[in-house]
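All remarks here apply to the structure that follows.
The residues of the chain are indexed from 1 along the displayed sequence.
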Amino acid sequence: MKKLASVIAGLLLAGQSLNAMANADRAMDLYLNQDYAQAFKLFQKTAHLGHGKSQFNLGVQYLRGQGVAQDPILAYAYLAVAIENGFLTARQALKTVERRLTPAQMENAQAKANELIGLYGKNGSENIRYALPFDRDYNPTPKRTENPEAKYPSSLFNKGIPGMARYLFDIDRNGIVRDVQLLQSYPSDEFAESVLDKLENSRYQILKVGGSLRKFSQAQFGVVFKRTDIPEETLKQLEAKHKKLLAQAKRGNTKSQAELADMLELMSDDDMLKVAYLPKDSVASSNGVANLLASNAEEFTETPELSEDFYNFNYLVWLDKQGKTIRYEATGDYKAPKELDKLAVKTMQNWQVLVSGDEQSEYGPFLAEFFYNNEARNNTYSNYINRQNVRLKQIIAKPREEMPSYWRLKAAQGGDFASLMLLGAGCNLRILGTAADLGHTPAQTLAAKCILQKADASKELLSQAREWLGDAAEKGDYIAMRELAGIYARESHNQGELNYAIELTKLVVDEKDDPWAYEYMAAAYAKLGQFDEAVDMQEKAVKEAWDKDYFVDAAKARLAAYENSKLGTW
């Protein structure tokens, strides 16, 4: 089993269902088929995520004038940024370009290269790596009041095939799971079906804040299914699958990188530990085990001067035998703002940690992961309550090629939609927005919902949310249809938009009796002055809300308003 843990799993079964061919792989197919213009467009998208191979390919296309006007200066610049991102094959091509440039052109090319490196290089402001810290990393759900078991699919259990599934969902005012979206199911959808059944029958503790009931957004839940006695034949198949995927991933195949990340995550034995990939590719294992008894950091409240909603950053920490911090140093690509660094340092200096192991004067390094939630207070959602958290974890030495996070980032940079969704699922609009702009329907819906749930969303963001919802609705996403209809029904007085809201909600209720869809249809009818229709639809909304355990008080109040030929309030 231990060998398998570093080997991982893969399977005889189909790869993950959400994972279509990534943009970088599609671009290469187009290039090889000499569709240079379309290949250029796709390479440009992934190049701007920090994908070194795509940056190299853009450089080649600029150099040769394939699908774009020939431009040796831009060729040089993109080849330089590809090298910055570790695609060393670009070095020879860069020398070729250098020989063709005059001294004046060379000066311009180097200036352009520095500009692109600042945007799309390893630490560039538009590189996906730069966006990773600004995610909701810590988002504990309310306690479960009903917690059914997730059943291991019997056919897969009998063969000893491991698997996992992860979902994103909201929890309504009655503690019921709503708007479930599949994030990950590997290697079979049967695992997703089992976890979905568990979620649909779970109930969560009702949250009451300041005297009013609150919803909970962007909750995540996943299950790993794994036998301790996997049959030998299955182990051999898993190992063979791993070797094949690893070879393909090393060659830059983005889909294989994404599946390899899934496999490594699935088969890791380090269920309770964070495996840290730190500079210089590996680190020494910690001596002793640390247990942080109090997880809260120093008190933090919303700080308008900070520009992001969420912050994640790390330190290496060394402890003495009493569990007090001896020294620390920041680690990783992202350094905390001064205000948060000050709080983190105070936390590390004040905590008392239980350390076990051989008696020695120093233990470490350990990894201290800090999270700060800077989102504005929201009267509808309760997520802002968790303002800070810190986790102290043991570092385990592993080559980066055995780390799922390494391959997940590679796949996301290559434009793999499932990887972008997983990395951005905590309302990271930089990452989700990238997938949404690339036309990925689940990302469009999720990113739009994240914007609509913000208490302080700007007009520009709200406009972007409507645009994404419109695209997703046209592609048949029922959540997007309902949410877009809700925007028009609540906020618009335009006859065309109100009629469109009615058409959207009709499509939704034809598929499923969604109380909110009936509510929005009723609201649109009321604004059009058609109160008889509004009452009919609102009565259905109230009935469906009762039947499906929705919160009904506001729906009843709107029904009373329509019965008196008045508009409802939201």
Side-chain angles (χ1 to χ4, degrees), residues 9 11 13 16-18 136-209 213-230 262 265-272 381-383 385-386 418 421-422 425-426 442 445-446 449 478-479 482 511-516 543-552:
L11 296 94
L13 305 176
Q16 78 188 54
S17 58
L18 285 179
R136 192 200 299 275
D137 183 68
Y138 179 73
N139 195 33
T141 61
K143 294 180 180 178
R144 281 196 184 90
T145 57
E146 295 182 31
N147 190 22
E149 181 183 359
K151 296 180 180 178
Y152 202 139
S154 58
S155 61
L156 301 174
F157 175 82
N158 292 337
K159 294 177 183 178
I161 294 173
M164 63 181 176
R166 185 183 306 175
Y167 281 92
L168 187 77
F169 56 95
D170 294 341
I171 302 169
D172 76 3
R173 290 183 178 91
N174 286 337
I176 297 174
V177 171
R178 307 293 187 194
D179 284 1
V180 179
Q181 287 183 279
L182 179 63
L183 285 176
Q184 186 181 27
S185 183
Y186 187 78
S188 164
D189 285 343
E190 288 184 70
F191 293 111
E193 292 164 8
S194 175
V195 177
L196 179 60
D197 184 65
K198 172 186 171 65
L199 278 177
E200 289 178 337
N201 290 285
S202 296
R203 295 292 182 270
Y204 287 84
Q205 187 178 56
I206 297 173
L207 293 171
K208 198 168 188 178
V209 183
L213 297 175
R214 302 294 174 90
K215 294 183 280 188
F216 189 92
S217 66
Q218 311 307 324
Q220 286 193 41
F221 179 75
V223 176
V224 174
F225 302 86
K226 196 190 309 183
R227 278 174 47 175
T228 57
D229 57 341
I230 299 177
D262 284 341
E265 184 180 338
L266 172 63
M267 297 308 294
S268 172
D269 277 345
D270 309 311
D271 295 331
M272 301 304 293
Y381 294 93
S382 62
N383 301 69
I385 294 172
N386 299 301
M421 281 285 287
L422 282 165
T445 300
L446 177 56
K449 283 185 63 180
Y478 289 104
I479 297 176
R482 186 200 67 207
E511 179 66 21
K512 48 189 174 183
D513 292 320
D514 186 314
W516 280 110
K543 179 183 181 301
E544 291 301 326
W546 273 112
D547 290 345
K548 295 181 171 61
D549 295 323
Y550 278 70
F551 189 69
V552 298

- Mind running side-chain contact (heavy atoms from CB on, under 4.5 Å) on Val223 and Ser194 for me, showing each step along the way? CA-CA 9 Å; Val223 176; Ser194 175; over 6 Å; no
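- In this structure, the salt bridge (charged side-chain N to carboxylate O under 4.0 Å, His left out) partners of Lys543, at least two apart in sequence or on a different chain, are Asp547.
- Checked by atom type and distance alone, the side chain of Asp197 never pairs as donor or acceptor with a backbone atom of Glu193 at under 3.5 Å.
- Applying the side-chain contact (heavy atoms from CB on, under 4.5 Å) criterion to Phe551, with sequence neighbours excluded, gives Arg173, Asn174, Leu213, Asp553.
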- Evaluate the criterion side-chain contact (heavy atoms from CB on, under 4.5 Å) for residue pair Phe169 and Ser217; output intermediate values, then yes/no. CA-CA 7 Å; Phe169 56 95; Ser217 66; over 6 Å; no
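- A pairwise comparison of heavy atoms in Leu182 and Ala192 identifies CD1-CB, 3.9 Å as the closest pair.
- Residue Tyr204 forms a side-chain contact (heavy atoms from CB on, under 4.5 Å) with just one option from Val177, Thr145, Asn147, and that option is Val177.
- Contact between Gly163 and Pro187 at its shortest, heavy atoms only, is CA-CD, 3.7 Å.
- Checking Asn139 against Asn383 by side-chain atom types alone, a donor-acceptor pair falls below 3.5 Å.
- Side chain of Asn386 to main chain of Tyr138: no donor-acceptor pair is present (N/O by atom type, distance under 3.5 Å, no hydrogens or angles).
- Residues Ala165 and Val195 share a closest heavy-atom pair of CB-CG2, 3.8 Å.
- Atom CD of Glu146 is separated from atom CD1 of Ile176 by 9.0 Å, given to the nearest 0.5 angstrom.
- Every residue meeting the side chain to side chain donor-acceptor pair (under 3.5 Å) condition with Asp179, not counting sequence neighbours, appears here in chain and number order: Lys449, Arg482.
- Using a 4.0 Å cut-off between a side-chain N of Lys or Arg and a carboxylate O of Asp or Glu, Asp172 and Arg178 qualify as a salt bridge.
- Checked against side chain to side chain donor-acceptor pair (under 3.5 Å), Lys215 has no partners two or more places apart in sequence or in another chain.
- Ile171 contributes atom CD1, which lies 10.5 Å from atom CD of Gln205 (distance to the nearest 0.5 angstrom).
- At a threshold of 4.5 Å between non-hydrogen side-chain atoms, the residues Arg214 and Lys208 do not count as touching.
- Inter-residue side-chain proximity for Pro442 and Met421 is flagged as met; some heavy-atom pair is nearer than 4.5 Å.
- Between the side chain of Lys226 and the backbone N or O of Leu266, at least one donor-acceptor pair lies under 3.5 Å.
- Of all the heavy atoms in Gly160 and Arg227, the pair that sits closest is N-NH1, 3.7 Å.
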- Message: Glu190 vs Ile161, test: side-chain contact (heavy atoms from CB on, under 4.5 Å). Steps then yes/no.
- Response: CA-CA 11 Å; Glu190 288 184 70; Ile161 294 173; over 6 Å; no
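- In this structure Asn158 satisfies the side-chain contact (heavy atoms from CB on, under 4.5 Å) test with no other residue, sequence neighbours excluded.
- Residues passing the side chain to side chain donor-acceptor pair (under 3.5 Å) test with Gln181, sequence neighbours excluded: none.
- Panel note: side chain Ser185, backbone Phe191; no donor-acceptor pair is recorded below 3.5 Å.
- Smallest separation of non-hydrogen atoms from Pro162 and Tyr152: CA-OH, 3.6 Å.
- Here Gln220 pairs with Arg166, Leu168, Leu183, Ala425 under the side-chain contact (heavy atoms from CB on, under 4.5 Å) rule; sequence neighbours left out.
- The side-chain contact (heavy atoms from CB on, under 4.5 Å) check on Leu196 picks up Tyr167, Val180, Glu200, with sequence neighbours excluded.
- Every residue two or more places apart in sequence or in another chain was checked for a ring-ring contact (aromatic ring centres under 6.0 Å, His included) with Phe221, and none qualifies.
- Residues Leu207 and Tyr381 fail the side-chain proximity criterion, which asks for heavy atoms closer than 4.5 Å.
- Rounding to the nearest 0.5 Å gives a distance of 9.5 Å between CZ of Phe216 and CD of Gln218.
- The shortest distance between side-chain heavy atoms of Ile230 and Met267 falls below 4.5 Å.
- For the atom pair CD of Glu544 and OH of Tyr550, the computed distance is 9.5 Å after rounding to the nearest 0.5 Å.
- The side chain to side chain donor-acceptor pair (under 3.5 Å) check on Arg136 picks up Glu375, with sequence neighbours excluded.
- Annotation: salt bridge (charged side-chain N to carboxylate O under 4.0 Å, His left out) contacts of Lys512 (sequence neighbours excluded): none.
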